[in-house]
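All chains are named by letter (A, B, ...) in the order of the sequence lines, taking the proteins before the strands, and each is independently numbered beginning at 1.
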Protein chains: 2
Amino acid sequence: MFQTFDATTRPDQGPPRLAALRAEIAGAGLDGFLVPRADPHQGEYVPAHDARLAWLTGFTGSAGFCAVLADRAGVFVDGRYRVQVKAEVALEVFTPVAWPETGLADWLIEALPGGGTIGFDPWLHTAAEVEKLREKLDGSGIELRASDNLVDRVWPDQPPLPAGRVRPWPVANAGESATSKRQRLGAELAGAGHAAAALTMPDSIAWLLNIRGEDIPKVPVPLAFALLHADGTVDLFLTSGRDLDLGTHPEGAVRLHDRDAFPEALKAQTGKVRVDKSLAPLAVSDLLAQPVWGADPCVLPKARKTGAELAGTAEAHLRDGAAMAAFLCWLDREAPGGGLTEIAVVEALEGFRRATNALQDISFDTICGAGPNGAIIHYRVTEATNRPVKPGELLLIDSGGQYLDGTTDITRTVAVGEVGDEEKLCFTRVLKGMIAMSRIRFPKGVAGAHLDTLARAPLWLAGQDYDHGTGHGVGVYLSVHEGPARLSRLSDVPLEPGMILSNEPGYYREGAFGIRIENLLAVEPAPALPGGDAHREMLHFRTLTFVPIDRRLIVTAELTAEERGWIDAYHRDTLAALADRVQPEVRDWLVRACAPL
Amino acid sequence: MFQTFDATTRPDQGPPRLAALRAEIAGAGLDGFLVPRADPHQGEYVPAHDARLAWLTGFTGSAGFCAVLADRAGVFVDGRYRVQVKAEVALEVFTPVAWPETGLADWLIEALPGGGTIGFDPWLHTAAEVEKLREKLDGSGIELRASDNLVDRVWPDQPPLPAGRVRPWPVANAGESATSKRQRLGAELAGAGHAAAALTMPDSIAWLLNIRGEDIPKVPVPLAFALLHADGTVDLFLTSGRDLDLGTHPEGAVRLHDRDAFPEALKAQTGKVRVDKSLAPLAVSDLLAQPVWGADPCVLPKARKTGAELAGTAEAHLRDGAAMAAFLCWLDREAPGGGLTEIAVVEALEGFRRATNALQDISFDTICGAGPNGAIIHYRVTEATNRPVKPGELLLIDSGGQYLDGTTDITRTVAVGEVGDEEKLCFTRVLKGMIAMSRIRFPKGVAGAHLDTLARAPLWLAGQDYDHGTGHGVGVYLSVHEGPARLSRLSDVPLEPGMILSNEPGYYREGAFGIRIENLLAVEPAPALPGGDAHREMLHFRTLTFVPIDRRLIVTAELTAEERGWIDAYHRDTLAALADRVQPEVRDWLVRACAPL
């Protein structure tokens, strides 16, 4: 199993570690120290070496930080983790803080009315983050001071940095050689007058060099740093002692160094070096003689998938869709009897994906919420929360797989037995929004901020909404959450052909049920229509995910003719796409699940 | 008549004036001079005194500027005015420039490869505008130098600044006394640590002091400057020699000065004075000892209409709606015969509005486009372009009135005789978008950028779109175009209760026809719905405009049940609202025009 269900920390681990850290803080002449959840690569998953927040506090959420002072230690967590944090940390020494409602600066100013000096590890905070915090502390007498990591000093058995296997990713999958990428982006740097760009995002580096790795769970990347030079060559920094095959690169084009050599290499750069202010650790710009702010040059090209990447992703979705269909067929057979639990469902789903013999990893921990647990947006089941799957309730399953040719991410909400009318009406509204996004065409220049409303309007009209974005970018055998574009009110990055985005509206009624329906979409040029404006370049979405949407939850009378037509066509396409990829029993199930409304 | 149809300039006026200006430029040791369309108040309408661009070039459009160099003079106009500018300026000396496709900085850099000094009048350009231009000219050797206005030196018969009548606007209309506004905004300045705010927008000042004026057409404001102090007192600067009644203000609260005293008053300010960078002329901040950038403090409060303003506006719309109904009834009777022209229609419409005995002015020149003229988005008919209204064509009429209790703005597109199916399908799509915006409810925090798409989606799905925003803010017996919120992809100002916005999607087929349907909407809290999220604050729009939408152009089969229900309810409400306000013939017409689909 890729997924585990155990608690990995205990509340009682925290107090002695906190005491040891406080002694270090005092010894360093500081009044406090910041312990973020982030590693130097600012990703969603961190290696055990960097799990300082969990080690110190016991809190295992995917975002948050601890501010340790002499007399208090605040654990800042967002709305997702308000309940979890209380169960995971020792409340007699750690104080959960509702963040971002309470900001770190305001909390520090209140805690240190006379001012003070707070240490932080400049490898774990971005330049933008530190700048913003310093601005807010301006005039408070509180100073931020870069320091080596004091947690590491008191963590005797800190795991080493990972040194996983690295393999080339075939150009047949990538659709563009690493040489072409290096030269194209190097020329772009040269055109901007930059000597190099400092790369700190592992997925940028993996994309650029067409390599994949195994340093962290769920995201197939090595934890690397790199310098991309204007001449198209690359200095790559990796922990040594690993099973490494970078593929073939022209002589001298890709120079390998130990990870420890990165700081000195930064110091040695003489020209202007581009640094992404909101992605790169502050240490990077501090070490450079001439840092200039600019976007990581890989981010946008990586988001514009090649034809080969789109074809691979489409194939991965059919493979994953067949596994999902087999899973849903199994679920329909087993669940109404009432003997399943959330964990059993997660295990079964991973089993169906493993049976493809192509699964490299799951793309994130499966979210499987029965009944009221479905309303917890980022729910991850543990032995402690595991709930039976009961007839009469909804079951929400959000999951995905990492395959060599692509990354999937799909959510289906299914009825277990007969469920109530209110659940069906809410499901139908969510579906209407999901269809509106799937069907839209839009002119070039439009961004996620402009489309997000389409998915919400049916809920809004009923006085309902959901408190998350409608969709995120998705990588190709890379991170399942990828920038720069999103389907979100906050995203003004114009959508471009080749981008892959999730479309996942939902509805959550606390203590009762949760609903989410998610397909992945690829942006592509829209074919011209008769009567359409000839001069207008328009785009649309191609659906990549083909898995039945639970017809038993659809109130057909609430759909327009176009919406009904979309669903029937989607199910017809799904049946055609999956029928030859599944066993006879699943095929029979698919025929029923894909019947017209 | 408020509206005129004559050309007010001739192309041959330009060359001798340009020659005289060039002599001044050379005499001042400059290499060029900028002549914008703007006056110091950055409004849509400028007094004759400030019509320098029209005087110099002959170009009468509502936006644009001329850059005069020794060897060339570029007249920068946007897409609306590409045709008009060629007819209005002497092309042997003026070169039309497609703006913003070609920026001023790029044009100057190409024209002056060796650099040079360009003069400009700092009262006619905002600080933001000059800053942006200077940034773009950085390193080009081209310098911008503030100067007195060289056009004024060579304009012997330049009209004087206006000095129109000023009257108090009743607090019964305003819903808040000037004293309350002054004190409320003064306290806000004090809270921000600002000693005062420099006000340069006439509608801000008119709103703040509850006064109205007659200095320019269409917008009932005096062209004033003001200083609002943190103690809530105001220094008001107006040209003297006018019929002036400011109403009653507490002793010393509103101090009147001659307009010429404004620069010295700015120089005399000692504390921090707030200046709106994108609204105030550069001269203002240059004259202040301690300017600080910040929004004009009146803009947002002015946009949040009081209950009295909303009630007045609703009444103005019923009055205006009755006039519109009488007009449309007349049009239906007269137009199919084929004897009307665009000018005759505009004259008739103004006549129906005047017959209310309440019309103070029209709120902008009526846009009345028959057949292909309807596709010219900002068409203003002149004797030269006047087109017969022919059976078989669409007629687009966008117009509005200024009444003491409110400002209206309405567009209707009507069929003259029987029109083609394509026109009807396009009209129905525009209508679907207009209904989607009218019906939506949305959570607090949503801005125009997030809603704009709702009005476009039906067109997008057919490969069509329109090249203007969906709506703009509207004042109350003030400017028909008012900030800060808009229904536009570019507007991230959250909508708030009390804001009045237009909702005017359209579709334009060049050389064939134009369609636009426009109602005004007021933002208000949405009533709770059963099953809606109890914790979510939601807003919706209340429609203010009640005038039939041409049923003959609606393809009923293309509407959803909800859309059809909206139209029928709208027409039922319209009939109920207007029936008692119109003559029997119009009432009969209304009954037919408001029949269910």
Side-chain angles (χ1 to χ4, degrees), chain A residues 421-422 425-426 429 432 436-437 439-467 470 488-492 494 507-510 526-540 557-563, chain B residues 421-422 425-426 429 432 436-437 439-467 470 488-492 494 507-510 526-540 557-563:
Chain A
D421 288 344
E422 179 64 8
L425 279 169
C426 294
R429 286 182 203 119
K432 287 166 80 82
M437 189 68 80
R439 289 183 65 223
I440 194 66
R441 15 165 96 217
F442 51 90
K444 228 179 122 174
V446 160
H450 312 127
L451 296 182
D452 178 79
T453 290
L454 291 171
R456 298 177 194 272
L459 288 160
W460 284 358
L461 286 170
Q464 303 176 333
D465 198 6
Y466 49 94
D467 292 321
T470 299
S488 151
R489 281 222 283 284
L490 303 175
S491 177
D492 58 3
Y507 180 67
Y508 310 94
R509 186 163 293 177
E510 203 184 326
L529 291 178
D533 299 345
H535 63 287
R536 222 177 274 286
E537 253 185 281
M538 298 199 80
L539 305 172
H540 74 163
E558 294 289 317
L559 301 185
T560 65
E562 289 78 14
E563 289 163 348
Chain B
D421 288 344
E422 179 65 8
L425 279 168
C426 294
R429 286 181 202 119
K432 287 167 80 81
M437 189 67 80
R439 288 184 64 223
I440 195 67
R441 17 165 94 217
F442 51 91
K444 228 178 124 175
V446 160
H450 312 127
L451 297 182
D452 178 80
T453 289
L454 290 172
R456 297 178 195 273
L459 288 160
W460 285 358
L461 286 170
Q464 303 175 333
D465 198 5
Y466 50 94
D467 292 321
T470 298
S488 153
R489 282 222 284 283
L490 303 174
S491 177
D492 58 4
Y507 181 66
Y508 310 94
R509 187 161 293 175
E510 203 185 327
L529 291 177
D533 299 345
H535 63 289
R536 223 176 271 288
E537 252 185 283
M538 300 201 77
L539 305 173
H540 75 162
E558 295 288 318
L559 300 185
T560 65
E562 288 79 13
E563 289 163 346

Enquirer: Can you say whether A:Ala526 sits under 4.5 Å from chain B via the side chain, the backbone, both, or neither, judging by heavy atoms?
Expert: neither

Enquirer: Which bit of B:Leu461 comes within less than 4.5 Å of chain A, counting heavy atoms only: side chain, backbone, both or neither?
Expert: both

Enquirer: Can you tell which of B:Gly531, B:Ala436, B:Ala457 has the highest number of heavy-atom pairs within less than 4.5 Å of chain A?
Expert: B:Gly531

Enquirer: Mind checking the CG-NE2 spacing from B:Leu454 to A:His450? Nearest 0.5 Å is all I need.
Expert: 12.5 Å

Enquirer: Could you please spell out the steps behind the side-chain contact (heavy atoms from CB on, under 4.5 Å) verdict for B:Ile440 and A:Arg456?
Expert: CA-CA 10 Å; B:Ile440 195 67; A:Arg456 298 177 194 272; over 6 Å; no

Enquirer: Just give me the residue among B:Ala534, B:Ala528, B:Ala449 that pairs up with chain A most often, heavy atom to heavy atom, under 4.5 Å.
Expert: B:Ala449

Enquirer: How long is the gap from CG on B:Leu529 to CH2 on A:Trp460, to the nearest 0.5 Å?
Expert: 14.5 Å

Enquirer: For residues B:Thr560 and A:Thr560, determine if any side-chain heavy atom of one lies less than 4.5 Å from a side-chain heavy atom of the other.
Expert: yes

Enquirer: Applying side-chain contact (heavy atoms from CB on, under 4.5 Å) between A:Asp533 and each of B:Tyr508, B:Tyr507, B:Tyr466, report the one that passes.
Expert: B:Tyr507

Enquirer: From B:Glu510 CD over to A:His535 NE2, what is the distance, rounded to the nearest 0.5 angstrom?
Expert: 8.5 Å

Enquirer: Sort out for me which of B:Pro443, B:Ala462, B:Ala447 touches chain A most, counting heavy-atom pairs under 4.5 Å.
Expert: B:Pro443

Enquirer: State whether A:Arg489 and B:Asp492 are salt-bridged, where the test is any N-O pair (Lys NZ or Arg NE/NH1/NH2 against Asp/Glu carboxylate O) under 4.0 Å.
Expert: no

Enquirer: Start with the C-alpha distance between B:Asp465 and A:Arg441, add both sets of side-chain angles, then the distance that settles salt bridge (charged side-chain N to carboxylate O under 4.0 Å, His left out), and finish with yes or no.
Expert: CA-CA 11 Å; B:Asp465 198 5; A:Arg441 15 165 96 217; over 6 Å; no

Enquirer: Are B:Phe442 and A:Thr453 packed together at the side-chain level, in the sense that at least one heavy-atom pair is separated by less than 4.5 angstrom?
Expert: no

